[in-house]
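Given the structure is predicted, the values throughout are model-derived calculations rather than measurements. Both ligands and their constituent atoms are indexed starting at 1 by order of listing.
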Amino acid sequence: MDFKISELEREPIDFDLELAPGAVDLGEEAAQKGPLAASGHVEVLHEHRGPRDIVADIRLKGRFDGKFQVPCARCVEPVEIPLQADFDLIFRPAAADADPTERSITAPETEIGYYQEDSLVLEDVLREQVLLSLPVRTLCKPDCKGLCPRCGADRNSQPCSCDAGPSDPRWEALAGLRSRIESK
Ligand SMILES: [Zn+2]
Ligand SMILES: [Zn+2]
């Protein structure tokens with residue numbers, strides 16, 4: 001869905017929709033499962049930089065709610081997680097800040113994004129917001145045993161024989177070190 005600046009100049013737009021899986025491309029990090037609900041309010045904010053220099057910013061305030069699939073940090077099995085977040089964002093025309101010395105009069109705590117040409121694409125905004133709200137590390141279960149670092153077997157489903165370990169004491173010292181590292 002595109003929000004065109006010419007339409008927003010006439011009146012603000014309220015939206016409430018469901019995006020089908022695949023509508024928002026999340027790359028390798030996550031996959032959308034089921035519909036992604038997104039709703040919000042979009043309007044133009046005029047930034048007066050000078051008597052004849054008015055920049056048309058777009059303010060997008062909204063939220064999303066959906067289910068996503070991410071790989072377990074230990075065993076890489078897909079894990080389904082619900083995610084929802086509210087956002088309140090300002091987008092400036094990409095051309096408006098072409099001069100890096102230009103000082104912005106917008107409040108410094110407001111995060112500024114940019115829109116290209118004459119419209120803001122909702123799917124692009126959602127992609128960024130979903131990726132930002134992904135947990136840093138997801139486990140399929142708190143005690144996931146992960147993959148064996150030696151043979152690659154998923155130790156949740158098939159105990160491999162690597163754990164038996166060699167009997168040489170020097171190797172056992174190393175194995176002890178390895179388990180201390182892993183348990184951190
Ligand atoms: Zn796991
Ligand atoms: Zn193994």
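Taking the charged nitrogens against the carboxylate oxygens, Asp88 and Arg59 do have a contact shorter than 4.0 Å, which makes a salt bridge.
Within the 6.0 Å centre-distance limit, the rings of Phe15 and Phe3 are counted as a close aromatic pair.
Sequence neighbours left out, not one pair with a member in residues 53-76 passes ring pair (Phe, Tyr, Trp, His ring centres under 6.0 Å).
The Zn ion (ligand 2) lies at the vertex of an angle of 110° between the SG atom of Cys151 and the SG atom of Cys148 (rounded to 10°).
Protein N/O/S atoms closer than 2.8 Å to the Zn ion (ligand 1): Cys72 SG, Cys75 SG, Cys140 SG, Cys144 SG.
In this structure, CG on Leu26 lies 11.5 Å from CD on Gln69, to the nearest 0.5 angstrom.
For Glu9, the side chain to side chain donor-acceptor pair (under 3.5 Å) partners are His46, not counting sequence neighbours. The side-chain contact (heavy atoms from CB on, under 4.5 Å) test applied to Pro12 returns His41, Glu43, not counting sequence neighbours.
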